[in-house]
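Below is one structure, written out as structure tokens; the observations come after it.
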Amino acid sequence: MNLLLRIFLPFVAGYYVSYAFRSVNALLGPQIATEFGIGAADLGLLTSVYFLSFALFQIPAGILLDRYGPRRVDAALLLVAAAGAAVFALAPSYPFLILGRALIGLGVCVCLMTSFQAFTLWYPTERLATINSRAFAVGVLGAMTATVPLELALRVADWRSIMLVCSAAPLVVAVSLLLVAPKRENPPPRDSFAAAFAGVRRLIADPAFRRITAMLGTTQCASVSVLTLWIATWLRDVAGYDRQAVGRGLFVVSLAMIAGYLFFGRLADARARRGASTVTLAAGAVAVAVSCLTALALGVKTWPLALWSGFIFSSAAATLLYSTLLRRFPKEMAGRVSTTVNTFAFGVMFLGQWGVGVVLSFWPQTPAGYAPEAYGWGLGLLAAMQFAGLAWLWLGRKLY
């Protein structure tokens with residue numbers, strides 16, 4: 001109970017806020033696009049710049065985490081997220097929207113990684129896969145907040161008022177971290193920054209690290225970039241859902257992601273006790289995800305929420321590989337391990353989410369939104385990336 005109250009809840013609260021901000025544009029996007037007169041490519045860039053700023057600060061953040069610990073670094077950056085949300089809410093023009101969204105991404109860029117580092121420091125190693133999966137599941141509650149609850153809020157308030165209220169959430173989490181979370185006992189000696197970057201080079205030089213990172217990055221690119229924006233527009237433009245139905249659809253798909261995190265986390269720990277490979281489990285699940293996304297790209301519209309839920313549920317298994325990497329390297333490198341992975345993963349998410357918007361912009365807009373036939377190409381691009389990451393991981397399976 002002490003670990004739950006002082007470690008798990010304070011840190012995953014930050015990840016909850018992170019995921020809520022990550023997902024809000026799925027429903028706010030159409031209103032913002034109408035108000036500022038922007039198309040699919042600009043909306044994709046606006047939403048995905050969160051991932052770009054997130055990615056650019058990952059390696060410096062990892063070094064800071066290993067030097068100063070998760071509590072102080074997370075709390076300090078959450079203040080930046082609060083400022084970014086306020087800038088976004090009050091933005092007078094598109095460049096200010098970009099600035100606000102980028103500051104939000106920067107401010108929440110370590111929320112998940114500080115959780116992982118804290119779990120590595122205070123939880124038994126054999127429980128990491130389960131605890132990490134629970135953190136992912138709680139984070140997705142943030143995505144669920146940006147579905148039906150957000151749609152209901154939009155009936156009584158505009159998007160600017162909602163974002164301004166949301167800007168207080170990072171402040172609350174930062175204060176709770178400083179008041180509740182423990183300081184790290186017996187911290188390791190601080191490496192020089194040169195030595196810290198040498199540790200990053202050591203990670204990148206490891207062949208297994210590169211292949212696992214590629215698999216994680218391409219799978220998260222496909223799943224997160226659509227869940228936080230393009231599933232909503234697909235449901236509107238291809239399946240013909242109205243805004244209320246889109247909100248309900250996103251809620252169902254988010255439930256599938258939570259179920260995936262919890263299911264695969266427990267299954268991975270059970271298999272680990274028998275000596276079975278987590279990598280094999282993750283690869284098999286991602287193969288199912290690629291199949292679902294390929295079917296959607298090819299224009300299959302029968303039971304669309306089942307296909308999207310299957311894709312998101314199966315993609316969740318890729319995150320098991322975080323615990324694989326954390327066990328592979330010393331604890332004092334935990335911050336750098338997670339954030340170096342995220343440098344690639346969120347960089348690819350930025351390109352994938354924006355890239356789908358660019359693809360959609362090649363077709364003339366319809367009165368309802370974007371051309372339905374364009375989605376096959378955009379989703380096909382993501383499916384091809386995900387398959388490439390899976391294939392490279394599997395070809396090097398003897399390394400793990």
Could you go through V356 and S225, starting from their C-alpha distance and side-chain angles, then the distance that decides it, and tell me whether this counts as side chain to side chain contact (heavy atoms under 4.5 Å, CB included)? CA-CA 9 Å; V356 171; S225 64; 5.5 Å; no
I'd like to know if the side chain of T114 and the backbone of P70 have a donor-acceptor N/O pair within less than 3.5 Å. no
Identify, with sequence neighbours excluded, every residue that meets side-chain hydrogen bond (donor to acceptor under 3.5 Å, both in side chains) alongside D237. Y375
Do T219 and M385 touch side chain to side chain, with heavy atoms closer than 4.5 Å? no
Please determine if R236 and D242 form a salt bridge, counting it only when a charged side-chain N lies under 4.0 Å from a carboxylate O. no
Taking all heavy atoms of A81 and all of I104, pick out the closest pair and write down the distance. O-CG1, 3.9 Å
Show me the donor-acceptor pairs, under 3.5 Å and distance only, between side chains in residues 161-173 and residues at least two apart or in other chains.
residue: S161; atom: OG; partner: D158; partner atom: OD1; Å: 2.8
residue: S167; atom: OG; partner: L164; partner atom: O; Å: 2.5

Give a yes or no on whether F387 atom CZ has more than 12 heavy-atom contacts from other residues, nucleotides or ligands under 6.0 Å away. no
Can you hop from L255 to V226 via hydrophobic side chains spaced under 4.5 Å? yes
Using the ring of each side chain (for Trp, its six-membered ring), is F136 parallel, tilted or perpendicular to Y322, with breaks at 30° and 60°? tilted
Listed pairs under 3.5 Å, donor-acceptor, residues 277-304 side chains, sequence neighbours left out:
residue: S277; atom: OG; partner: V279; partner atom: N; Å: 3.1
residue: S277; atom: OG; partner: T280; partner atom: N; Å: 3.3
residue: S291; atom: OG; partner: A287; partner atom: O; Å: 3.1
residue: T294; atom: OG1; partner: V290; partner atom: O; Å: 2.7

Between CG on residue L325 and CG on residue L203, distance to nearest 0.5 Å: 8.5 Å
Minimum-distance pair of heavy atoms, taken over all atoms of W230 and A40: CH2-O, 3.8 Å
Counting only N and O atoms by type, is there a donor-acceptor contact under 3.5 Å from the side chain of R336 to the main-chain atoms of I63? no
Measure the SG-CZ distance between C109 and F57 for me, rounded to the nearest 0.5 Å. 6.0 Å
Hey, does W122 have a side-chain heavy atom less than 4.5 Å from the side chain of P182? yes
Of all heavy-atom pairs linking I131 and F8, the shortest is O-CE1, 4.0 Å
Taking only residues two or more places apart in sequence or in another chain, which ones pass side-chain hydrogen bond (donor to acceptor under 3.5 Å, both in side chains) with S254? none
Hydrophobic cluster identity match, V252 and F263, side-chain contacts under 4.5 Å: no
If hydrophobic clusters are built from ILVMFWY residues whose side chains come within less than 4.5 Å, do L351 and W377 share one? yes
Heavy-atom pair of closest approach, residues V80 and L103: CG1-O, 3.7 Å
Table please: side-chain donor-acceptor pairs of residues 141-155 below 3.5 Å, with sequence neighbours left out.
residue: T145; atom: OG1; partner: Y16; partner atom: OH; Å: 2.6
residue: T145; atom: OG1; partner: L141; partner atom: O; Å: 2.9
residue: T147; atom: OG1; partner: M144; partner atom: O; Å: 2.4
residue: E151; atom: OE1; partner: R155; partner atom: NE; Å: 3.2
residue: E151; atom: OE1; partner: R155; partner atom: NH2; Å: 2.9
residue: E151; atom: OE2; partner: R155; partner atom: NE; Å: 3.1
residue: E151; atom: OE2; partner: R243; partner atom: NE; Å: 3.4
residue: E151; atom: OE2; partner: R243; partner atom: NH2; Å: 3.4
residue: E151; atom: OE2; partner: Q244; partner atom: NE2; Å: 3.3

Report the residues that fulfil side-chain hydrogen bond (donor to acceptor under 3.5 Å, both in side chains) with R266, sequence neighbours left out, ordered by chain and then residue number. none
Check the hydrophobic clustering (I, L, V, M, F, W, Y; side-chain heavy atoms under 4.5 Å; chains of links allowed) and say if L320 and V341 are grouped together. no
Could you grab the distance from atom OG of S314 to atom CE of M257, nearest 0.5 Å is fine? 11.0 Å
Can you list everything that forms a side-chain hydrogen bond (donor to acceptor under 3.5 Å, both in side chains) with S18? Sequence neighbours excluded, please. Y50
Within the distance-only criterion (no hydrogens, no angle test), does the side chain of N342 pair as donor or acceptor with the backbone N or O of A345 below 3.5 angstrom? no
From the list F311, W308, Y19, side chain to side chain contact (heavy atoms under 4.5 Å, CB included) with L227 holds only for Y19
What ring-ring contact (aromatic ring centres under 6.0 Å, His included) pairs are there with at least one residue in residues 338-362, not counting sequence neighbours? F51-F346, F54-F346, F350-W354
Side-chain donor-acceptor pairs under 3.5 Å in residues 24-35, sequence neighbours left out?
residue: N25; atom: ND2; partner: T47; partner atom: OG1; Å: 3.0
residue: T34; atom: OG1; partner: P30; partner atom: O; Å: 2.9
residue: E35; atom: OE1; partner: W159; partner atom: NE1; Å: 2.9
residue: E35; atom: OE2; partner: R160; partner atom: NE; Å: 3.3
residue: E35; atom: OE2; partner: R160; partner atom: NH2; Å: 2.7

What is the distance from atom CG of L77 to atom CZ of R72, rounded to the nearest 0.5 Å? 13.0 Å
Short side-chain to backbone donor-acceptor contact, Q353 and S48, under 3.5 Å: yes
Across all chains, not counting sequence neighbours, the salt bridge (charged side-chain N to carboxylate O under 4.0 Å, His left out) partners of R397 are none
Heavy-atom pair of closest approach, residues Y94 and D42: OH-O, 2.8 Å
Straight-line distance of I312 CD1 to I231 CD1, nearest 0.5 Å: 4.5 Å
The ring pair (Phe, Tyr, Trp, His ring centres under 6.0 Å) partners of Y123 (sequence neighbours excluded) come to F119
Which pairs, with at least one residue in residues 362-372 and sequence neighbours excluded, count as a side-chain hydrogen bond (donor to acceptor under 3.5 Å, both in side chains)? none
Tell me, do L99 and V49 make a side-chain contact under 4.5 Å, heavy atoms counted? no
Check step by step if side chain to side chain contact (heavy atoms under 4.5 Å, CB included) holds for V238 and T233. CA-CA 8 Å; V238 179; T233 61; over 6 Å; no
When you look at V140 and Y261, which way does the side chain to side chain contact (heavy atoms under 4.5 Å, CB included) test go after all the steps? CA-CA 9 Å; V140 180; Y261 287 141; 3.3 Å; yes
Please assess T319 against Q220 for the test side chain to side chain contact (heavy atoms under 4.5 Å, CB included), listing each intermediate value before the final yes or no. CA-CA 8 Å; T319 58; Q220 288 190 294; 4.0 Å; yes
If we ignore angles and hydrogens, is there a donor and acceptor under 3.5 Å between the side chains of Q58 and T340? no
Hydrophobic cluster identity match, W392 and V348, side-chain contacts under 4.5 Å: no
Whether over 12 other heavy atoms sit under 6.0 Å from F36 CZ: yes
Which value, rounded to the nearest 0.5 Å, describes the distance between I38 atom CD1 and L97 atom CG? 7.0 Å
Determine yes or no for a side-chain-to-main-chain donor-acceptor pair under 3.5 angstrom, with S309 supplying the side chain and A306 the backbone. no
Write down the atom of R6, the atom of V180, and the distance for their closest heavy-atom approach. NE-O, 3.2 Å
